[in-house]
Amino acid sequence: MSKNPHDPIQLLSTPGGAPVKMWTQGVPVEPEARAQLQNTAKMPFIFKHLAVMPDVHLGKGSTIGSVIPTRGAIIPAAVGVDIGCGMIAVRTSLTAADLPDNLAGLRSAIEQAVPHGRTTARSKRDKGAWDRTPQEVDSHWARLAPRFKRLTDNYPQLLKTNNHQHLGTLGTGNHFIEVCLDEQQRVWVMLHSGSRGVGNAIGTLFIALAQKDMQRHIANLPDRDLAYFEEGSRHFDDYMAAVGWAQDFARHNREVMMSRVLAALSTVVPKPFLTQQEAVNCHHNYVQREKHFGEEVLVTRKGAVSAQKGEMGIIPGSMGAKSFIVRGLGNAESFCSCSHGAGRTMSRTAAKKRFSVEDQIRATAHVECRKDSEVIDEIPMAYKDIDAVMAAQSSLVEIVHTLRQVVCVKG
DNA sequence: ATGTAC
């Protein structure tokens, strides 16, 4: 129980709604995000309060950087379409001195090992990458296949998605792979990705079903993206099974890619090395049943990470900024959560308008990464100050390692 | 974020 008088919670109250408790001291919060949070807080099945992380910003469906505890109902658009999106990080036994002087070869090896960007099984350009390492993918898919079969028996349209073809692929947008160094110059590999095409299709399908099921009452909701399934309904059970499967797909996807990246690393580093030391694999876009304040609740984390006492998590900064391996403090008021990153301060289009390629080159001078006009939207200046974000959540997590990127592959 | 269509 958080009885810490110094816990810097900012309270946003909503007439007729649940309180909104925000860990945002010293970081900006958009008025649009506040309004969106207040809409969510009006839903009658919110358990106790919403918890808001310091990387909070307006999102599609629900606010990024929020924790939505519910009882008896679930909002599929709150989880969104990038179901199970999250981070994996592994420390290797290598140090900076073991890496080659020129990191361009390492970046290129990773780019060849992991299909990234707009990849489909049908595109000729990516044929090579798709044909590689089927055996490893198969062993992961074997664990996902039985429940996918059950899912597609009821929802056959999901058979038409990229599913096993996307296992072990990065995707686009802010999905990335990085090689980092910690404070002791030890080499880490980390990456950010989700459930790809099939998770997107599952999210889209159930968001539409919730809106359809509620169509006679949907005008009474503050936002049609707050359409929900009530516990006990068929779609509730189907959604919980489907979203849980997509989350597992995402976790396996990150594991497959991690082993591909480590294999790529071993091709450019002559020294043999150990891995799986201090491995962390965490979702930051998901829902699961948890116990809080002595009650069973559904916890939706949209751009938030579980931070139970002693639990390890990953908080990446933007390209060119620091990232953090953290340990949860088990802050009950936050439903044991922390932020999932720095949080954007401006849209991708605004960032591309505001900054130039020269700005991006300057901001990422110490990182082996792309620096062309296509990646300006990830410029560090389009994100909140990660140090301020970490300070605002010092009652939620403690920093175990501070990482700085040396190589970044952007999806 | 992804897929598809324009």
Side-chain angles (χ1 to χ4, degrees), chain A residues 55 57-66 75-88 114-126 129-130 148 151-152 155-177 191-209 225 239 242-243 245-254 256-257 282-287 300-305 316 318-319 340-344 346-352 370 374-378 382-383 408-411:
Chain A
D55 58 345
H57 60 101
L58 187 72
K60 165 78 189 137
S62 76
T63 320
I64 318 290
S66 66
I75 305 168
V79 178
V81 294
D82 197 3
I83 298 168
C85 186
M87 299 288 307
I88 185 171
V114 182
H116 58 282
R118 287 195 155 219
T119 44
T120 70
R122 289 151 210 108
S123 105
K124 287 193 190 93
R125 187 173 65 84
D126 300 309
W130 285 96
F148 188 61
L151 193 55
T152 55
Y155 300 95
Q157 61 268 56
L158 296 173
L159 285 167
K160 286 183 277 182
T161 59
N162 286 309
N163 42 77
H164 72 273
Q165 306 95 317
H166 265 175
L167 194 54
T169 70
L170 187 63
T172 61
N174 63 356
H175 289 168
F176 63 82
I177 302 167
L191 64 89
H192 175 216
S193 188
S195 53
R196 310 286 287 105
V198 66
N200 189 302
I202 288 169
T204 305
L205 167 65
F206 282 95
I207 290 166
L209 281 174
D225 277 331
Y239 178 65
V243 80
W245 181 86
Q247 287 163 194
D248 287 347
F249 180 99
R251 195 186 297 277
H252 281 287
N253 185 34
R254 291 190 291 269
V256 172
M257 283 187 281
C282 59
H283 301 315
H284 53 223
N285 235 22
Y286 70 112
V287 58
T300 299
R301 293 195 179 85
K302 171 80 156 196
V305 176
S318 59
M319 227 177 184
H340 82 311
R344 298 196 76 90
M346 65 182 80
S347 69
R348 292 179 183 280
T349 42
K352 285 192 173 180
R370 278 175 63 188
E374 294 296 298
V375 299
I376 292 175
D377 52 347
E378 291 295 331
Y383 285 84
C408 175
V409 171
K410 194 180 176 295

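Just so it is clear, the structure is predicted and the values come from calculations on it, not from any experiment. Labels below follow one simple rule: chain letters A, B, ... track the order of the sequence lines, proteins then strands, and each chain is numbered from 1.
- In terms of modelled atom types and a separation under 3.5 Å, the side chain of A:H166 and the main chain of A:G197 share a donor-acceptor contact.
- Exactly one of A:R370, A:R348, A:R344 qualifies for a salt bridge (charged side-chain N to carboxylate O under 4.0 Å, His left out) with A:D377. That residue is A:R348.
- Between B:dA1, B:dT2, B:dG3, one nucleotide has an atom nearer to the side chain of A:R348 than all others, and that is B:dA1.
- Straight-line distance from the CG atom of A:N253 to the P atom of B:dT2: 10 Å, rounded to whole Å.
- One interatomic measurement links the two molecules: CD of A:Q157 to C1' of B:dG3, which rounds to 15 Å at whole-angstrom precision.
- A:Y383 is linked by a ring-ring contact (aromatic ring centres under 6.0 Å, His included) to nothing, counting only residues two or more places apart in sequence or in another chain.
- The shortest distance between the side-chain N/O atoms of A:N174 and the OP1/OP2 oxygens of B:dA1 is below 4.0 Å.
- In this structure, the CG atom of A:L170 is 11 Å from the P atom of B:dA1, given to the nearest Å.
- Between A:H166 and B:dG3 there is a side-chain N or O to OP1 or OP2 distance below 4.0 Å.
- A:L205 has its CG atom 15 Å from the P atom of B:dG3, to the nearest Å.
- If you take CZ of A:F249 and C1' of B:dA1, they are 13 Å apart, rounded to a whole angstrom.
- Between A:N162 and B:dG3, a side-chain N or O to OP1/OP2 separation shorter than 4.0 Å is present.
- B:dA1 atom C1' lies 15 Å from atom CZ of A:F176, rounded to whole Å.
- At least one side-chain nitrogen or oxygen of A:R196 sits closer than 4.0 Å to the OP1 or OP2 atom of B:dT2.
- For A:N200, the side chain to side chain donor-acceptor pair (under 3.5 Å) criterion is met by A:T204, not counting sequence neighbours.
- A straight line from CZ of A:F206 to C1' of B:dA1 spans 19 Å, rounded to a whole angstrom.
- Counting to the nearest Å, the C1' atom of B:dT2 and the NE2 atom of A:H116 are 17 Å from each other.
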